[in-house]
Amino acid sequence: MPDPPPNIVYLHSHDTGRYIQPYGYAVDTPRLQRFAERGVLFRNAFTVNPTCSPSRAALLCGTYPHENGMIGLAHRGGRLNDLNDHLVATLNPAGYHTARVGVQHVAGRDDPQPPYTEFLDTDGHNANSIVDAAHAFINRPHDKPFFLACGFFETHRYSYWHDRDSPVGEPRYTRPPACLPDSPRTRADFADYAVAARKLDGHMGDVIDAIDNAGLADNTLILVTTDHGLAFPTMKCSLSDRGQGVMFMMRGPGFRGGQVLDPMVTHLDVFPTLCDLIGIDPPARLRGESLLPLVRGEVDRLHGATFGTVNFHAAYEPKRSIRTDRYRYVKRLDTRDRPVLPNCDNGESKQALLDAGWADHPQAPESLYDLIFDPNEANNLVDDPRYADVVADLRTRLDAWRRETNDPWLNGEPDCSHMLVDPVDGVHPGVGDVVKFGGDVVKFGDAAVSS
């Protein structure tokens, strides 16, 4: 008899990037390390949009945000065009019981929700409450395979919550990411991130242990990932490896043995992989590829290039990118030539850069980075004549992708009047009625504190 369809558990976090122990960083996450050693870890996994709701929508719908409608944050006007594009709308008729617990951020609180079979009750974003609800769900009798989406607020900056203090890490023996200066302020900031990451490790580890203790490990696929890079300057909301790079690990049927794979993969590959694993036809709209041939060693890679997109986070900042194994090319679609500061969450690292003049640093309309010689993407080669052929090729390939995916920004700026955004430099984007925004503008101060 064929094996029964596997259960699927999707564990996801806010703002973690790849900065955890299994990816070689000095951030203690022993339970996720153990998970990686028993499953498959993808070293070069990327979100296609390094902002919160669009990233999650891309994974769960299998399409780019400008295709599925989630061009910005769900609580600021981002909306899926069709809730039936959501993964659970495909799993439900395939015989799955679909449940959601904790953070999801793909629909606003008062908006229609994706068609999960069940929404588990929790005490808001309280991680212990989320773990308890997940435990209860996992341990109850199931007469059909289940899909459980379990989201944690960690490692989002704790300062978002005004009734709790930021975690206090040990900065003296901490080194911040390479894109930040190594200073007391950035060390303290990253030390706090490390505390949040350890808490996340414990929460995810508790859910993984519940699956193991219930005897479900052999027939449960567990996906561990995050939405995008850290909520630090030039990371989250940045079309760079440090912005788009995500932890991405799977364990269960088809994903065992402690493999570490280097080829590029993206969140878009999740939906077709699940269809392949459970033996159903994937919807024709999906943009990704099944990971199974790569894991089995049947192919050397899935993608010759991956693409990235940003439209809105707290503020308007449309841009696109293409990344190959060696190069990244980024094209900005508006005329702003300075950092869009609301799109970087508040924190000590941001303030340290602002104090040093970051607000006045120029931004180029186009960028090219040679990732072999410049892995930190700091040296823009777009005007270097030695790279003229590379730039021309990547421009052409990016334009072709934009046409293929019907990028709404191809013919100027579309009507985004449903989006609520922070002003930038005291003015709203779209000056001169290029973009018409709604009369209500949500402002949270001088920088974003939103998810």
Side-chain angles (χ1 to χ4, degrees), residues 2-13 35 39-40 55-63 68 80 82-107 112-122 130-152 203-204 206-212 214-227 248-255 267-283 285-286 288 290-292:
D3 293 333
N7 305 310
I8 303 164
V9 177
Y10 162 46
L11 296 176
H12 54 101
S13 68
F35 178 86
V40 178
S55 169
R56 299 166 195 270
L59 185 153
L60 291 165
C61 296
T63 51
N68 60 47
L80 292 179
D82 188 345
L83 290 176
N84 288 318
D85 287 348
H86 194 284
L87 173 63
V88 297
T90 294
L91 294 180
N92 289 336
Y96 275 76
H97 181 98
T98 56
R100 196 203 84 198
V101 63
V103 174
Q104 56 95 25
H105 214 233
V106 179
Q113 299 294 315
Y116 286 92
T117 311
E118 182 178 7
F119 297 86
L120 307 183
D121 290 332
T122 63
I130 293 168
V131 170
D132 289 345
H135 271 234
F137 177 84
I138 290 165
N139 284 291
R140 76 192 196 195
H142 294 279
D143 59 2
K144 57 172 64 176
F146 62 79
F147 170 82
L148 175 64
C150 182
F152 293 100
H203 305 325
M204 287 188 167
D206 285 346
V207 178
I208 294 166
D209 286 351
I211 294 164
D212 295 348
L216 300 176
D218 288 343
N219 197 41
T220 300
L221 177 70
I222 306 173
L223 165 64
V224 172
T225 191
T226 188
D227 45 8
F248 191 85
M249 303 177 286
M250 304 176 83
R251 194 201 78 182
F255 293 85
H267 276 164
L268 296 179
D269 299 325
V270 171
F271 202 146
T273 299
L274 298 183
C275 291
D276 193 3
L277 190 67
I278 67 180
I280 62 174
D281 292 332
R285 69 176 183 278
L286 300 188
S290 172
L291 297 166
L292 290 176

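Quick note: numbers below take in every heavy atom, side chains included, and nothing from hydrogens, waters or symmetry partners. Residue indices begin at 1 and follow the sequence shown.
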So, using side-chain hydrogen bond (donor to acceptor under 3.5 Å, both in side chains) as the criterion, who are the partners of [X] when residues are at least two apart?
| X | value |
| --- | --- |
| His86 | none |
| Thr90 | none |
| Ser13 | Thr16, Thr226 |

With a 4.5 Å heavy-atom cut-off, do His203 and Ile130 have their side chains touching?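 They are not in contact (no side-chain heavy atoms under 4.5 Å apart), so the answer is no.
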
Contact between Ile138 and Val207 at the side-chain level, heavy atoms closer than 4.5 Å - yes or no?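 The answer is yes; the side chains approach within 4.5 Å.
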
Checking side chain to side chain contact (heavy atoms under 4.5 Å, CB included) for the pair Leu11/Ile208: CA distance, chi angles, key distance, verdict? CA-CA 9 Å; Leu11 296 176; Ile208 294 166; 3.8 Å; yes

Within residues 136-146 or reaching into it, pairs that qualify as salt bridge (charged side-chain N to carboxylate O under 4.0 Å, His left out) - sequence neighbours excluded: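 Checked against salt bridge (charged side-chain N to carboxylate O under 4.0 Å, His left out) - neighbours excluded - the pairs reaching residues 136-146 are Glu118-Arg140.
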
Could you point out which residue of Leu216, Ile211, Asn7 forms a side chain to side chain contact (heavy atoms under 4.5 Å, CB included) with Ile222?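 Only match with Ile222 under side chain to side chain contact (heavy atoms under 4.5 Å, CB included): Ile211.
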
Looking at [atom1] of [X] and [atom2] of [Y], how far apart are the two atoms once the value is rounded to the nearest 0.5 Å?
| X | Y | atom1 | atom2 | value |
| --- | --- | --- | --- | --- |
| Leu60 | Arg56 | CG | CZ | 9.0 Å |
| Thr273 | Leu221 | OG1 | CG | 9.0 Å |
| His12 | His267 | NE2 | NE2 | 10.5 Å |
| Leu223 | Leu291 | CG | CG | 9.5 Å |
| Ile8 | Leu148 | CD1 | CG | 11.0 Å |
| Leu87 | Asn92 | CG | CG | 9.0 Å |

Partner set under salt bridge (charged side-chain N to carboxylate O under 4.0 Å, His left out) for [X], not counting sequence neighbours:
| X | value |
| --- | --- |
| Asp85 | Arg285 |
| Asp209 | Arg31 |
| Asp212 | Arg251 |

All ring-ring contact (aromatic ring centres under 6.0 Å, His included) counterparts of [X], not counting sequence neighbours:
| X | answer |
| --- | --- |
| Tyr96 | none |
| Phe35 | none |
| Phe146 | Phe137, His142 |

Could you pull out the closest heavy-atom pair between Gly288 and Asp269, with the gap in Å?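 The pair with the smallest heavy-atom distance is CA-OD1, 3.4 Å.
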
Looking only at non-hydrogen atoms, find the nearest pair between Pro5 and Asn219 and report the distance.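 Heavy-atom minimum between the residues: O-ND2, 3.3 Å.
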
Backbone of Thr63 reached by a side-chain donor or acceptor of Asn68 within 3.5 Å: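 Side chain of Asn68 to backbone of Thr63, a donor-acceptor pair under 3.5 Å: yes, one is there.
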
Show the atom names and distances, to 0.1 Å, of all donor-acceptor pairs under 3.5 Å that link a side chain in residues 274-283 to residues at least two apart or in another chain.
| unit_1 | atom_1 | unit_2 | atom_2 | d |
| --- | --- | --- | --- | --- |
| Asp276 | OD2 | Ser290 | OG | 2.7 |

Residues in side-chain contact (heavy atoms from CB on, under 4.5 Å) with Ala149, at least two apart?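 Ala149 satisfies side-chain contact (heavy atoms from CB on, under 4.5 Å) with Tyr10, Arg100, Tyr116, Phe147 only.
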
